[in-house]
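Numbers here simply count residues along the sequence, with the first being 1.
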Amino acid sequence: MSTLSTLPTAPPGTDRTLRRRRIRQTWGQPWLYVPLAGALLLMIAPFLWMLSGSFKPEADIRRVPPVLVPTAPTTANYGELFSTLDFTSMFANSVIVALAVTAGNLVFCSMLGYALAKLEFRGQRAVFLLVMGTLMIPGLVTFVPLYVLVSTMQLTGSLVGLILPFLAGPFGVFLMRQFISTLPDELIDAARVDGCRELAIFAKIILPLTKPALATLGIITFLGSWNNFLWPLVVAQNESQYTLPVGLALASSGQSFTRFGILLAGAVVVLLPVMVVFLLFQRQFVAGIATTGLK
């Protein structure tokens, strides 16, 4: 007699019963959905208000009590936004700065993270403690010294001055170091036995295995650089170097009041590239957040 015939078999309909039981257990806890729905509403309410307000006349935006749905939808805010701003130039500046800063962080932070995680050298622990100490320093503390340094190098009023100070950051180094630490040392040792140099190991082995962490770092860095306002406002000295957040803030501020319609329309335009980047890399982003630091 075959051994397989003696194995116990599940009664017919078991999978269907288990599925129904799971559904019953899930929907049997309605109290769980109430706070989740409330949290979701709180999160999306500002975005809904921003999108709705961008199609409202200025009088409707300032109406008390406010209304969510515009009574007379209009695209005048978008038309005035594009006619007031040198939108093409500012959008190009934002893209150049954000992509350059993101690329710099992906390269330099991953290289330093690899060195701190897998290489042994004198002062390795001291370098890591220095990175962690820098991570704890607020950005406003270093803002003035950083501006003095950029001004001394005569980089104010140029896109290089907007990019250079942010090509690497302590958070990116820490993130990549934690992720690379989870990779097995046997892969690197085998590559060294085969005669691979460290740069080849980094490019051909480490980088392909760290795609989730790279996607996480790339999204976070791109978002921070795209929305950066204070540094471009100070360093860019004429309109040709303005990024979108700076140009939007200056265009929406009049002599006596702020034109909220233009401001909301500009916020929608600024938000769209960030949403596209996140949607393209959301799987890698979630995987990087879930696995970074596990060992």
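When atom types are taken as modelled, the side chain of Ser54 and the backbone of Leu51 share a donor-acceptor pair closer than 3.5 angstrom. In this structure, Ser151 contributes its side chain and Val148 its backbone to no donor-acceptor pair below 3.5 Å.
Contact check for Met153 versus Leu164: side-chain heavy atoms found under the 4.5 Å cut-off. Between Leu187 and Leu209, some side-chain heavy-atom pair lies under the 4.5 Å cut-off. Taking 4.5 Å as the limit, some side-chain heavy atom of Thr243 sits within range of a side-chain heavy atom of Val246. In this structure, Thr216 and Phe179 have side chains that are not in contact, with every pair of non-hydrogen atoms separated by 4.5 Å or more.
Rounding to the nearest 0.5 angstrom, the gap separating the CE atom in Met50 from the CD1 atom in Ile44 is 12.0 Å. The distance from atom CZ of Phe260 to atom CG of Leu263, rounded to the nearest 0.5 Å, is 7.5 Å. The distance from the CG atom of Asn93 to the OG1 atom of Thr88 is 10.5 Å, given to the nearest 0.5 Å.
The heavy-atom pair separating Leu162 from Trp231 by the smallest distance is CA-NE1, 3.7 Å.
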_Run Thr75 and Phe55 through side-chain contact (heavy atoms from CB on, under 4.5 Å) and show every step you take._
CA-CA 6 Å; Thr75 58; Phe55 293 99; 4.1 Å; yes

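Between Phe202 and Tyr114, the ring planes are tilted. Angles from 30° to 60° get that label.
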